[in-house]
Amino acid sequence: MPRTSLTGTRIRERRTLAGVKQAELARNVGISPAYLNLIEHNRRRIGGKLLVDLARELSVEVTQLTEGAQAPLIEGLQDAASSQTQGSIAPETDRVEEFAGRFAGWAALVVSQRDRIEGLERRIAALSDRLAHDPFLSDALHEVLSTVTAIRSTAGILNTGGEIDPEWQVRFHRNLYEDSQRLASGSQALVTYLDTVGRSGDEAGGAPFEEFEAWLDTQGRASGPVSEDEDRLAGLSTPAARKMAQAWLSRLTDDALAMPDAMVEDVITAHGINPAALADASGSDLAAAMRRLAVLPDAEGRAPVGIVICDGSGTLSFRKMIEGFAPPRFGAACPLWPLYQALLRPMQPVRRVIVLPGLPARRYLAYAICQPRVPARFDMPEVVEATMLITPYQGADDATIEVGTSCRVCPRLNCAARREPSLIMATPELESDI
């Protein structure tokens with residue numbers, strides 16, 4: 001905390017800045033220059049009417065001379081000192097108030113630069129995270145590389161120096177032009193996409209959730225029962241992320257207690273990955289059964305299981321990927337998912353075979369349910385949550401739904417649900433295969 005003994009230092013600095021002599025200021029407030037000198041050197045405490053008179057003569061607020069006047073600045077300096085890297089010259093933290101009082105401008109500059117450095121570090125962390133985990137970016141970069149390869153191949157053919165049929169020359173030039181257009185638009189989209197990372201909106205709202213997701217990737221997607229001790233929550237620096245982690249661990253614990261490992265294994269042996277069978281055997285709801293199946297450890301011969309959870313707005317609040325199915329980390333998902341169909345029909349289970357684009361096309365069996373998230377109340381709106389379990393499908397069921405991961409990277413050009421242009425373009429071969 002700031003020390004009251006440095007009020008005199010602030011008075012001396014303000015007097016010096018104002019160009020007022022000590023004797024003149026002492027005469028104006030009715031004290032001797034010797035007494036004012038003792039005050040300015042923090043050898044006499046000051047308060048009451050004398051402090052008010054000094055503030056008036058120096059044209060400043062009383063709070064600028066009293067204890068706590070520099071509190072925000074001092075807190076910023078202390079934060080800057082605590083983030084100092086090891087091996088550097090240690091700042092004199094015991095004199096931080098004196099520095100803030102005597103050199104307020106320099107202190108404000110240090111705090112401002114500290115804030116800017118932290119902002120840049122958050123932006124770098126967000127960029128690194130997006131480069132490592134964002135499926136949108138991975139697909140878009142792959143498309144850019146493919147387009148560059150196509151342009152290079154076409155240019156190589158045209159540069160051979162041999163005779164090329166005029167009709168083929170026209171085709172090659174058209175391909176070169178079209179591929180160049182694709183490369184230009186795709187590159188511009190990537191630049192725009194990356195340029196949004198770490199801006200104020202991302203920093204304000206996305207950081208705790210991204211921290212929570214990183215924690216889930218390292219240790220949070222485990223089977224239970226699980227503990228909620230401090231060691232399990234290590235690495236979560238923000239209160240919001242810790243709160244989300246505690247809520248998730250509490251859910252896992254409740255699910256594991258209601259559906260022990262032995263029961264789950266028996267149901268899988270008899271019925272396969274079937275949330276309805278597990279819900280019937282345990283008396284749990286379908287969403288709990290889906291969560292329980294999704295966090296089971298991998299086992300030989302067992303089909304992988306992914307899960308996606310969203311709130312009533314459709315925003316993804318939890319995701320677990322499996323090979324070939326990568327729910328988007330940034331941006332909105334495909335509106336044709338059974339997850340969102342379930343939102344339209346609360347408490348009505350949805351079972352669909354979905355087909356994702358690819359060569360060959362990938363089939364998955366999806367189960368979805370929308371249920372109340374909290375008990376209903378007369379004086380509050382209904383809060384719901386939709387859950388979708390997904391697992392690879394090898395059956396011959398013809399009742400399929402063609403979906404994508406996100407409009408941004410979906411190659412289906414004639415989709416009625418498309419809301420934005422794709423960064424990649426569908427090829428005739430891909431469309432015919434689907």
Side-chain angles (χ1 to χ4, degrees), residues 133-136 138-139 213 216-217 220-221 223 248 251-252 255 259 264 267-268 271-279 284-299 301-311 314-345 348-358 360-371 385-407 409-410 412 415 417 434:
H133 301 291
D134 190 353
F136 292 165
S138 177
D139 290 342
E213 285 246 311
L216 284 173
D217 290 337
R221 304 185 197 269
S223 180
W248 176 247
R251 267 188 149 184
L252 287 188
D255 295 342
M259 293 165 278
V264 177
V267 170
I268 292 177
H271 304 281
I273 302 297
N274 189 325
L278 180 57
S284 304
D285 59 73
L286 285 172
M290 293 180 190
R291 293 193 301 268
R292 189 72 179 96
L293 290 169
V295 299
L296 289 176
D298 295 334
R302 179 186 298 166
V305 180
I307 191 171
V308 183
I309 301 175
C310 76
D311 61 19
T315 302
L316 301 186
S317 58
F318 183 82
R319 61 181 204 136
K320 178 190 175 187
M321 298 181 293
I322 59 174
E323 184 177 359
F325 182 79
R329 183 172 187 137
F330 305 94
C334 175
L336 299 180
W337 283 1
L339 177 77
Y340 300 120
Q341 303 303 311
L343 277 175
L344 302 176
R345 297 177 290 175
Q348 295 187 32
V350 177
R351 179 186 180 277
R352 296 286 188 273
V353 176
I354 61 175
V355 183
L356 269 71
R362 294 157 290 176
R363 293 170 176 254
Y364 298 91
L365 179 60
Y367 299 90
I369 185 71
C370 176
Q371 298 177 173
E385 183 181 73
T387 305
M388 181 175 73
L389 191 77
I390 184 168
T391 187
Y393 183 72
Q394 304 296 335
D397 194 338
D398 294 329
T400 61
I401 299 177
E402 296 181 347
V403 302
T405 54
S406 170
C407 291
V409 293
C410 182
R412 294 192 172 96
C415 178
I434 295 172

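Side chains included, hydrogens not; waters and symmetry mates left out as well; all remaining heavy atoms used.
Between Pro275 and Leu293 the shortest side-chain heavy-atom distance falls below 4.5 Å. Inter-residue side-chain proximity for Leu356 and Val403 is flagged as met; some heavy-atom pair is nearer than 4.5 Å. Residues Ile273 and Leu365 fail the side-chain proximity criterion, which asks for heavy atoms closer than 4.5 Å. With contacts defined as side-chain heavy-atom distances shorter than 4.5 Å, the pair Glu385/Asp311 does not qualify. By the 4.5 Å heavy-atom criterion applied to side chains, Cys370 and Arg345 are not counted as neighbours.
One finds the CE atom of Met388 at 8.5 Å from the CG atom of Leu316 (value rounded to the nearest 0.5 Å). How far CZ of Arg302 is from CD1 of Ile268: 4.0 Å, rounded to the nearest 0.5 Å. Distance check, rounded to the nearest 0.5 Å: CG of Leu389 to CG of Asn274 gives 9.5 Å. The structure places SG of Cys334 at 10.5 Å from CD of Glu402, a figure rounded to the nearest 0.5 Å. Rounding to the nearest 0.5 Å places CD1 of Ile309 at 13.0 Å from CZ of Arg319. Between Leu296 atom CG and Met259 atom CE the span is 9.5 Å, to the nearest 0.5 Å.
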With ring pair (Phe, Tyr, Trp, His ring centres under 6.0 Å) as the test, would you mind laying out the steps for Tyr364 and Trp337 before giving the verdict? CA-CA 11 Å; Tyr364 298 91; Trp337 283 1; over 10 Å; no
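The shortest heavy-atom contact between Pro392 and Ile322 is CD-CD1, 4.0 Å. In plain terms, the two heavy atoms of Cys310 and Tyr340 that are nearest each other are SG-CE2, 4.0 Å. In terms of heavy atoms, Trp248 sits closest to Arg291 at CZ3-CD, 4.0 Å. The two residues Ala366 and Pro338 come nearest to each other via the heavy atoms CB-CG, 3.9 Å. Smallest separation of non-hydrogen atoms from Ile369 and Ala287: CG2-N, 3.9 Å. Closest of all the heavy-atom pairs between Thr387 and Met290 is O-SD, 3.7 Å.
Checking side-chain atoms of Arg362 against main-chain N and O of Pro357 turns up a donor-acceptor pair under 3.5 Å.
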